[in-house]
Amino acid sequence: MGNRTIVPFGPQHPVLPEPIHLDLVLEDERVIEAIPRIGYIHRGLEKLVEKKDYQQYVYVAERICGICSFMHGMGYCMSIESIMEVEIPERAKFLRTIWAELSRLHSHLLWLGLLADAFGFESLFMQSWKLREQILDIFEETTGGRVIFSVCEVGGVKKDISSETLNKMKEVLTAMEKELKEAAAVFLNDSTVKLRTKGVGVLSREAAFELGAVGPMARASGIEMDIRSQGYAAYNQLDFKPITDQGGDCYARTKVRIGELFQSIDLIRQCIAIIPDGEVKRKVTGNPKGEHFTRLEQPRGEVLYYAKANGTKFLDRVRVRTPTFANVPALLETLKNCSLADVPILILTIDPCISCTER
Amino acid sequence: MSVVKKSPWILHYDGTSCNGCDIEVLACLTPLYDVERFGIINTGNPKHADILLITGSVNEQNIPVVKQLYEQMPDPKAVVAVGICATSGGIFAECYNVVGGVGKVIPVDVYVPGCAARPESIIDGVVKALDILEVKRKKR
Ligand code: SF4
């Protein structure tokens, strides 16, 4: 048995912009155990429902996480709409799907960049983020915001996208697809990149299932689970099949996410082809009463929204189960017995979002 | 550019931000905005940093972390609070675990408004901080 040492990781660490603290128990270079300490970013968001009414809370929900901001707003709105039995207009459903898929694109590109940064491939990081800026430009043109849009509301969406803009979006995405392919080839075929990702942090199908992994983490271990196939919003009208891989290692997770980039572009194209005309929001009156669970697929995996309303304009309770929270047990499992140098990559491969986990 | 007296190194710490401002801080480094052309580098080590960029408000748990980072930075140093959260707590000001803006814990030199703060305004804030650094340097 070698020497045991404890190496603190975080809360301020160059690899992750977000604060999380891990005590890594090492034996020589091997990690024996990782003990997390959290709470650096806890705000107490869920309790804010008592101070902001159910329509104002959309803005709070959007700020649960700045990366999947749109989808948080959408999930919250969907659960309130279900409680109030509001059926949103068809066009709004498609617009929500388009923005949601664009969010997935920007989130996965962001993640690819951070991954490249974690294994020290600076120019690849820059390239991924450069591609991501094009998505942000689309956001800015269609919603006015780069990161937080505040475009979702209970009853639909606030803004419509004109058909010229939709067509332009299609062109931008087609042009981007080419550049994406080039970047993807580096991630998937470059031998130095493969050395850092292939066979690193293997999570078996059984382990992934037992530990309750979600999203790309589960799909890269061969579990075909994607809430989009349940057909919320406009997904029931699109041709969609989850992308999976059998590898279970960092390479497989990269591959799944890259596959999803192209899939998102395809889904947006399908949306643009069949989007119906009409209203984009329904007027919502009265207050919600009842409770509801909503599930939707975020870039990081399945998110659960629970809302309980009592018939006044303030809700009783909102609860969010975020994908990173579900993936933390799987992360701790993959960290066991890895080498210290792989820790940053392993942490990144679950695509952690501490901000939404701690709220 | 004669206004840039020195190439400032930046330390970024995420208080309780929602990530919105963080990714905009990171976006400043990337090709579209590319602050490295001014010699601005994002460092992970507080002992190398001139400017501390903080996003998000402070809570009970991260007060010691913020203080420690600030104390470890060599003088002269400047603090830039990015986003409305770091300024006052913003939309989360009423949350039970939010103490308030960063100014409650350490002295802040520049406040950058916005939710999320745009990369242009973040760069602007850093440039303002440069002048403040210069004044502080002369005073020593
Ligand atoms: S100011 Fe807005 S975008 Fe920035 S951290 Fe706060 S809530 Fe997020």
Side-chain angles (χ1 to χ4, degrees), chain A residues 10-21 37-48 50-52 56 59-60 62-69 72 106-107 110 113-114 117 123 125-134 136-137 140 145-148 150 353-356 358-359, chain B residues 11-34 36 42-46 49 52-66 68-69 72 83-85 89-99 114-120:
Chain A
Q12 186 265 332
H13 193 279
V15 159
L16 259 191
E18 291 180 277
I20 182 170
H21 179 90
R37 194 162 97 216
I38 57 170
Y40 294 99
I41 209 163
H42 177 63
R43 287 154 286 183
L45 270 184
E46 289 175 357
K47 204 163 165 62
L48 261 194
E50 294 168 11
K51 295 193 179 126
K52 313 251 181 221
Q56 290 171 333
Y59 302 109
V60 181
E62 287 194 320
R63 282 159 181 84
I64 287 177
C65 164
I67 305 179
C68 5
S69 160
H72 276 295
H106 113 82
S107 170
L110 178 136
L114 290 179
D117 194 39
S123 49
F125 161 65
M126 294 292 181
Q127 183 63 20
S128 314
W129 280 59
K130 192 179 122 204
L131 290 173
R132 178 176 163 266
E133 285 292 337
Q134 302 182 10
L136 296 190
D137 284 345
E140 202 170 351
R146 276 167 55 90
V147 181
I148 307 235
S150 301
C353 174
I354 317 296
S355 162
C356 63
E358 296 187 1
R359 298 183 292 284
Chain B
L11 177 72
H12 167 219
Y13 181 72
D14 170 350
T16 63
S17 108
C18 77
N19 274 343
C21 288
D22 292 325
I23 51 180
E24 292 296 58
V25 168
L26 281 182
C28 294
L29 300 172
T30 55
L32 188 64
Y33 298 99
D34 193 19
E36 259 183 58
N42 191 10
T43 163
N45 189 340
L52 175 61
L53 274 189
I54 301 198
T55 54
S57 48
V58 289
N59 67 12
E60 295 298 340
Q61 176 98 326
N62 70 23
I63 285 178
V65 184
V66 172
Q68 225 179 38
L69 286 175
Q72 283 182 7
I84 203 71
C85 281
I91 191 166
F92 308 128
E94 286 174 297
C95 287
Y96 60 80
N97 202 28
V98 170
V99 177
C115 176
R118 294 185 57 92
E120 291 92 339

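So you know, we letter chains A, B, ... as the sequences are listed, proteins then strands, and number each from 1.
If you measure heavy-atom distances from B/Cys115 to chain A, the contacts under 4.5 Å come from both the backbone and the side chain. Residue A/Gln134: no heavy atom, backbone or side chain, is found under 4.5 Å from chain B. When heavy atoms are compared at a cutoff of 4.5 Å, A/Leu48 approaches chain B solely by way of its side chain, counted from C-beta outward. In this structure, chain A has a heavy atom under 4.5 Å from the side chain of B/Val65, while its backbone stays farther away. Of the atoms belonging to B/Ser17, it is backbone heavy atoms, and not side-chain ones, that fall under 4.5 Å from chain A. Heavy-atom distances place the side chain of B/Leu11, and not its backbone, under 4.5 Å from chain A. In this structure, chain B has no heavy atom under 4.5 Å from any part of A/His72.
Neither side chain, B/His12 nor B/Asn42, offers a donor N or O lying under 3.5 Å from an acceptor on the other.
Counting heavy-atom pairs closer than 4.5 Å to chain A, the top-ranked of the candidates B/Thr55, B/Leu32, B/Val25 is B/Leu32. Contacts with chain B were tallied for A/Cys356, A/Ser128, A/Gly66; A/Gly66 has the most, counting heavy-atom pairs under 4.5 Å. Counting heavy-atom pairs closer than 4.5 Å to chain A, the top-ranked of the candidates B/Leu29, B/Leu26, B/Asp34 is B/Leu26. When each of B/Cys95, B/Gly20, B/Cys21 is checked for heavy-atom pairs under 4.5 Å with chain A, B/Cys95 comes out on top. Interface remark: of the candidates B/Glu94, B/Glu60, B/Glu24, B/Gln61, B/Gln61 forms the most heavy-atom pairs closer than 4.5 Å to chain A. The greatest number of non-hydrogen atom pairs below 4.5 Å with chain A, out of B/Val98, B/Ile23, B/Asp22, is found for B/Ile23.
Taking OH of B/Tyr13 as the start and CD of B/Gln68 as the end, the distance is 10.0 Å to the nearest 0.5 Å. Atoms NZ and CD, from A/Lys130 and A/Glu133 in turn, are 11.0 Å apart once rounded to the nearest 0.5 Å.
Not one N or O on the side chain of A/Ser69 forms a donor-acceptor pair closer than 3.5 Å with the backbone of A/Arg63. For the pair B/Thr16 (side chain) and B/Ser57 (backbone), a donor-acceptor distance under 3.5 Å is present.
Side chains of B/Asn59 and A/Arg43 form no contact here, defined as non-hydrogen atoms less than 4.5 Å apart.
With sequence neighbours excluded, the residues forming a salt bridge (charged side-chain N to carboxylate O under 4.0 Å, His left out) with A/Glu46 are A/Arg317, A/Arg319, A/Arg359, listed by chain and number. A/Tyr59 pairs by the ring-ring contact (aromatic ring centres under 6.0 Å, His included) definition with nothing, not counting sequence neighbours.
At most 12 non-hydrogen atoms from other residues, nucleotides or ligands lie less than 6.0 angstrom from NZ of A/Lys47.
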